[in-house]
Amino acid sequence: MTRLSVNINKIATLRNSRGGNNPDLIQVAKDCERFGAQGITVHPRPDERHIRYNDVFELKKIVTTEFNIEGNCQEQKFIDLVLANKPEQVTLVPDVLGQITSNHGWDTIINQHYLQDMIAVFKQAGIRVSIFVDPIAKMVEAAATTGTDRIELYTEAYAHHYNQGRELAIAPYIQAAEVAQKNGLGINAGHDLDLQNLKYFAENIQGLDEVSIGHALISDALYYGLENTIQMYLKQLAIN
Ligand SMILES: CC(=O)[C@@H](O)[C@H](O)COP(=O)(O)O
Ligand SMILES: NCC(=O)COP(=O)(O)O
């Protein structure tokens, strides 16, 4: 069964826009779990545009499902934050400063030794590690040499091309997932997944452990309400 981890970055975006504590990020995280979310994901960025580093410490106290912290391990502050909070999972994303959002996976060939060292640090702390990768077979193959527990397939290209032809859009992801399974890697996925494209993705990717969804889910909640929206996303995943 594929788990749904709700990314609450955009709740923090709304909260920060007025400088107060409305919406209350901690209460929203509790409610997401009460509504059925099987994980909470956050992506603290160096400019703290949405999730603040202090939010992570407060969330750690209340998340009862799985806590997934995403971010760039090339920032020492991120490494320290993760080790201090020991989430169930850390997802390493190769962002560069100033990106509007995450837009590429690791080059696991060039960064093999760096990733081996970084992943060892988090695994030593008892934290499951996932690394963000593009759906490229050789990158997934090389990911297996880094010691990572899982990969997270970057699904923006799938989402972008879904409406032009979903069979073509998903093909590289099916191949990447097959390589991951062959190499004993767990499979996560995320970025731009939504109510229209999620079901097809989940029913075609064998061994999909988790999807982390934020932007579209929070946007949908403006129309359908948060509880109803989480239930709608869970229904899309109920196929396997
Ligand atoms: C890694 C990834 O694709 C997303 O999880 C990312 O966290 C989205 O970040 P923003 O919410 O800042 O766009
Ligand atoms: N890892 C993907 C994630 O957490 C949320 O991405 P998005 O749904 O906000 O695009």
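Any value given below was found using the heavy atoms of this structure, including those in side chains, with hydrogens, waters and symmetry copies removed. Both ligands and their constituent atoms are indexed starting at 1 by order of listing. Nothing here was measured: the structure is a model prediction, and the numbers come from that model.
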Considering the heavy atoms of H191, write down every atom of ligand 1 situated less than 4.0 Å from one of them. 2 (C), 3 (O), 4 (C)
So if I count the atoms of ligand 1 from 1 in the order they appear, which ones are less than 4.0 Å from some heavy atom of N7?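 Near N7, meaning under 4.0 Å from one of its heavy atoms, ligand 1 has 5 (O), 7 (O).
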Show me, by chain and number, every protein residue that has a heavy-atom distance under 4.0 Å to ligand 2.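 Ligand 2 is contacted, at a heavy-atom distance under 4.0 Å, by N7, T41, E70, E152, G190, H191, D192, S212, I213, G214, H215.
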Residue part near ligand 1, for [X], under 4.0 Å between non-hydrogen atoms:
X    : answer
H215 : neither
E152 : neither
F132 : side chain
E156 : neither
R49  : neither

Pairing donors with acceptors under 3.5 angstrom, does anything connect the side chains of E33 and T64?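 Yes, a side-chain donor-acceptor pair sits under 3.5 Å.
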Looking only at the side chains, is there a donor atom on one of N68 and S5 sitting less than 3.5 Å from an acceptor on the other?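 Side-chain D/A pair, N68 to S5: absent.
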One should read off an interatomic distance between Y158 OH and R166 CZ, to the nearest 0.5 angstrom, of 7.5 Å
Please round to the nearest 0.5 Å and tell me the distance separating atom CG of N188 and atom CD1 of I151. 8.5 Å
Among protein heavy atoms, which sits nearest to atom 12 (O) of ligand 1, and what does the distance come to when rounded to 0.1 Å?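 Result: H50 NE2, 2.7 Å.
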